[in-house]
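The structure follows.
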Amino acid sequence: MKIHLIYASASGNVEVAMESVGKILSYMGLEIITSRAEQTHIETLLENQKFVFGTSTWEHGKLNPFFDNLYSQMQKHNFKNKQAAFLGLGDRRYEPVFFCRGIDLVRDTWLAREGQEVTEALKIGGEPYHQLATTVVPWANFLAKIWGYQN
């Protein structure tokens, strides 16, 4: 089973978190295809079934600009019978009301276009490094169980 990990990362924080997710899913026997959002064509979403989306939030609750083109295309298509999980990074110190708003925008569009959400979005405050083992790995293990890995 292929799982597409699609992310936008400018500082590398989202990339590190998504790499951690990818390693766990791969270790559990799932086929992982990782791509940056700015290099992902809408056909990837239309031709496949399972995804993990990741992004940070910019400025005052805006989506990372590297996700803009794909996000715009997502608003034009239907994702019925497709599944996704969502991983967002943000910083509560600036504007708590916009914490991880970038991934919320992607998630809301996915759901509005009839895509399915397989678990609650993982939202990480600040840099992910100290949260990989305690937060990201358990979340990725849970995804592996949802998507077919059996102990």
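If you're wondering where the values come from, they're calculated on a predicted model, not measured in any experiment.
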Check your understanding: L143 and V118: which non-hydrogen atoms are nearest, and at how many Å?
Key ->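 Here L143 and V118 meet closest at CD2-CG2, 3.7 Å.
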**Study point:** W110 and F79 aromatic ring geometry - parallel, tilted or perpendicular at 30°/60° bounds
**Key:**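 Parallel: the ring planes of F79 and W110 meet at under 30°.
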Review point. If you group Ile, Leu, Val, Met, Phe, Trp and Tyr by side-chain heavy-atom gaps below 4.5 Å, do L89 and V52 land in one group?
Key: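 Yes.
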Check your understanding: After noting the C-alpha distance and the side-chain angles of R36 and E15, does the key distance pass the side-chain contact (heavy atoms from CB on, under 4.5 Å) rule?
Key -> CA-CA 9 Å; R36 297 182 66 86; E15 184 172 16; 3.9 Å; yes
**Study point:** Heavy-atom pair of closest approach, residues K50 and K2
**Key:**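 So the minimum-distance heavy-atom pair works out to CB-O, 3.9 Å.
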Exercise for review: Answer yes or no: is there a side-chain heavy-atom contact under 4.5 Å between M74 and F67?
Suggested key: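 Contact flag for M74/F67 side chains = yes.
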Review point. Between atom OG of S20 and atom OH of Y129, what is the distance when rounded to the nearest 0.5 Å?
Key: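 These two atoms lie 11.5 Å from each other.
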Check your understanding: Checking W139 side chain against V21 main chain: does a donor-acceptor pair fall under 3.5 Å?
Key ->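 It does not hold such a pair.
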Check your understanding: Minimum heavy-atom separation for L87 to A17, with atom names?
Key ->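 Scanning both residues completely, I find the closest heavy atoms to be CD2-CB, 3.9 Å.
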Review point. Side chain of Q131, backbone of G125: donor and acceptor closer than 3.5 Å?
Key: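 Checked: pair present.
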**Study point:** Minimal non-hydrogen separation, Y71 against L105, with atom names
**Key:**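 What the structure gives for the nearest pair is CE1-O, 3.4 Å.
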Check your understanding: Closest heavy-atom contact between W58 and N64?
Key ->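 Between these two residues, the closest heavy atoms are NE1-ND2, 3.1 Å.
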Check your understanding: So, are K62 and D68 salt-bridged, with charged N and O less than 4.0 Å apart?
Key ->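 The answer is no: the pair does not qualify as a salt bridge.
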**Study point:** Where Q116 and L111 come nearest, the two heavy atoms and their spacing
**Key:**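 Looking at all heavy atoms of both residues, the shortest contact is C-CD2, 4.4 Å.
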Practice item. Fit a plane to each ring of F51 and F53, take the angle between them on a 0 to 90° scale, and name the class: parallel (under 30°), tilted (30 to 60°) or perpendicular (over 60°). Key: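 Parallel: the ring planes of F51 and F53 meet at under 30°.
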Check your understanding: Which distance, rounded to the nearest 0.5 Å, do you find between the OG1 of T34 and the NZ of K23?
Key ->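 If I round to the nearest 0.5 Å, the distance is 11.0 Å.
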Review point. What distance separates N141 CG from I24 CD1, expressed to the nearest 0.5 Å?
Key: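 Here the interatomic distance stands at 5.0 Å.
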